[in-house]
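For reference, the structure discussed in these notes is given below.
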Amino acid sequence: MADTPYLALYRKYRPQTFEDVRGRDTIVRTLKNQIIHDRISHSYLFCGTRGTGKTTIAKIFAKAVNCEHPVDGSPCGECSVCRAIAQDANLNVVEMDAASNNGVDDIRGVIEQVAYSPTLGKKRVYIIDEVHMLSASASNALLKTLEEPPEYAIFILATTEPNRLPITILSRCQRYDFGRLPTATIAGRLREVSDAENLRVEDKALNYIASAADGSMRDGLSLLDQCNAFNYGEEILTYEKTLDILGAVDMSVFSDLYRKIIGQDPAGALDILDRILLQGRELMQFIADFISFLRNLMMLMVSAKASSGIDVSDENMSRLKADAASGDISAVLRLVRLFSELTERVRFSANRRILTEAAIIRACLPATDMDADAMEERMRVLEEQFVRGERIIAGLERRIAQGTVVSAAPGAAQAAPGTGFTAPAGTAAPEPKTEIKKIKPDALPDDLRSVVAAWPKLLTGLAGYLKAELSRAKLSLGGNNQLIILFSNYIAADSFNQDEEKRKELEDYLAERTGMRIPLEYRSLDNEGQQVDNILDLSDKVAMDIEVDDDTSDDED
């Protein structure tokens, strides 16, 4: 006995009834209700990207309207009509590909067939796929029949580009839009198929395949088929094997690349690219996935609600939030523009690697880029360097005042410990002097109001990344003499609440500058930008001066 020929998974597990369809509940319910209540239209238009169920639902609908024993609007699958349609043996259901049959003569053949009533079943159903490919004359030939067909004729037009259809056709059809399927829906269906085929696949691998399918159920099943073919006979399909088979890259690599770029480390970023290419990864896919990573980062930076619409694992979401909290939206927007432009250049170039390397260097070094986004990035970097220099000098002066700088031999260079600052040769440090370290008192409410008034001046001495995060925050006075720092989003607030080292750096800095111990609390605003718990915003309500304990600061009038 001959073996049963192998069928691709997307063909083998193509839904045969409405109940088998996943992710199209609204469309399915509407069509079933039309069948149950005998309110069937004569023309339908199914719009959507590839692999989202347009032709599948059209065939199920064709079976349902002809089924001898429909069950709740769905075909029984057992009667002779259902079996004939499933085997493409029923002449009353005609499927036509308009991409290869787009002439006026092809449509005239359909019009001639419509004149004959069905021989088996109740309706004649014409499924015209890629209908936007019909020529202008073919579309005009279809119009009259589409508007006033015989009562037994139903036209189902499917297209991926409804914008290319003439308005005269659009206005004659009931339109149903098939959007991209959610990743979770595709992953659930892949798990069902894997279990039915006795395939052992890690959940992480299935989730990645579902994400790579980009909303297409057919693409997801095809990718699963491809991975299974590679892993056939082995114990389990792992996430790492899936990445190797599909030429994909783990999201942690994109996070590392982003941090190298933000840290202006072109050598490190190019090393990541080199390792990726040595592993045989596809360059175009790598660029596209990195842009997707940047998009997720951008969405998290501008909206606290965005995390619910990003299809990544909990582990990757934590990494994204950390990158979003430490990054700058203008820098991310610049990277999105730069790598989007790279996509177009690489597509038609024979020097893909060189162009990608050049783009990465431009991303790491804003000074090599002359557009407005890069200018803003260069200004930000220069500001950070200036503030860092001010802090080094201030630190050296404090150490000299406290007597922690030891005199060197005559003519030797003098370095301040931990500052990286070297005094010019031939200069000697002042004589060490001792100073009794003062115990800093707790701040009182009036003191906190003074701190609020002097906040912009206090920020000037902070490190660049701390200054950038705090400059957009608001200040409020809470209970127990606490200074509450209110951030516009929860990511920035969490970055302080979860990072003890960052909190300590800020608290020590404020104690050093003001001479007081200031208890701090970090919170975020709600979605409307209003303050939580009815806390009073002090930013615009106080106008006191504070004497800042900093020898480098200018005297105010």
Side-chain angles (χ1 to χ4, degrees), residues 259 262-265 301 318 321-328 331 380-402 404-405 415-421 437-443 447-448 450-478 480-524 539 546-553:
R259 294 181 184 187
I262 297 301
Q264 298 188 355
D265 181 7
M301 285 180 171
S318 299
K321 287 181 177 179
D323 290 338
S326 61
D328 182 77
R380 184 183 67 82
V381 172
L382 287 173
E383 182 180 305
E384 287 184 359
Q385 292 174 346
F386 176 76
V387 171
R388 193 179 301 118
E390 279 191 332
R391 294 191 67 189
I392 290 173
I393 295 172
L396 178 61
E397 291 178 345
R398 283 196 298 271
R399 289 175 183 275
I400 291 173
Q402 294 168 2
T404 58
V405 179
T419 65
F421 179 88
K437 190 172 183 179
K438 298 178 181 178
I439 299 176
K440 294 179 173 54
D442 293 343
D447 298 327
L448 293 181
S450 300
V451 169
V452 173
W455 188 250
K457 183 177 179 182
L458 290 171
L459 288 181
T460 58
L462 277 171
Y465 74 99
L466 277 177
K467 180 180 177 182
E469 292 184 55
L470 293 169
S471 61
R472 293 185 290 268
K474 293 185 178 182
L475 301 179
S476 295
L477 182 63
N480 300 323
N481 292 337
Q482 283 184 318
L483 186 64
I484 298 178
I485 301 179
L486 292 169
F487 296 93
S488 60
N489 62 73
Y490 73 100
I491 295 176
D494 284 350
S495 74
F496 277 87
N497 287 323
Q498 297 176 14
D499 191 336
E500 183 178 354
E501 185 176 343
K502 185 185 291 188
R503 295 197 305 272
K504 186 176 185 304
E505 180 177 355
L506 177 59
E507 290 166 5
D508 290 349
Y509 170 78
L510 291 177
E512 186 71 27
R513 295 292 297 271
T514 65
M516 298 176 292
R517 220 167 31 86
I518 302 174
L520 301 174
E521 185 177 347
Y522 309 93
R523 300 190 190 179
S524 62
S539 303
I546 183 171
E547 294 183 2
V548 180
D549 184 16
D550 183 4
D551 296 336
T552 64
S553 61

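What you see is a predicted model, and the numbers here were worked out from it, not measured in a lab. Hydrogens, waters and symmetry mates play no part in the numbers below; they use all other heavy atoms, side chains included.
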So, using side-chain contact (heavy atoms from CB on, under 4.5 Å) as the criterion, who are the partners of A322 when residues are at least two apart?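 If we apply the side-chain contact (heavy atoms from CB on, under 4.5 Å) test to A322, skipping adjacent residues, the hits are R259.
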Could I get the full list of ring-ring contact (aromatic ring centres under 6.0 Å, His included) partners for Y522, not counting sequence neighbours?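 Y522 satisfies ring-ring contact (aromatic ring centres under 6.0 Å, His included) with F496 once adjacent residues are dropped.
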Nearest 0.5 angstrom please: N497 CG to R503 CZ, how far?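 Rounded to the nearest 0.5 Å, the CG-CZ separation comes to 6.5 Å.
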State, to 0.1 Å, how close D323 and M301 come at their nearest heavy-atom pair, and which atoms those are.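 Reported closest heavy-atom pair: O-CE, 4.2 Å.
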side-chain contact (heavy atoms from CB on, under 4.5 Å) with Y509: which of E512, E505, R513?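 Of all the options given, the one that passes is R513.
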Would you indicate whether the side-chain heavy atoms of E507 and L520 approach each other to under 4.5 Å?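 A side-chain contact under 4.5 Å exists here.
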Are any of the side-chain heavy atoms of L475 and I485 separated by less than 4.5 Å?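 Side-chain contact under 4.5 Å: yes.
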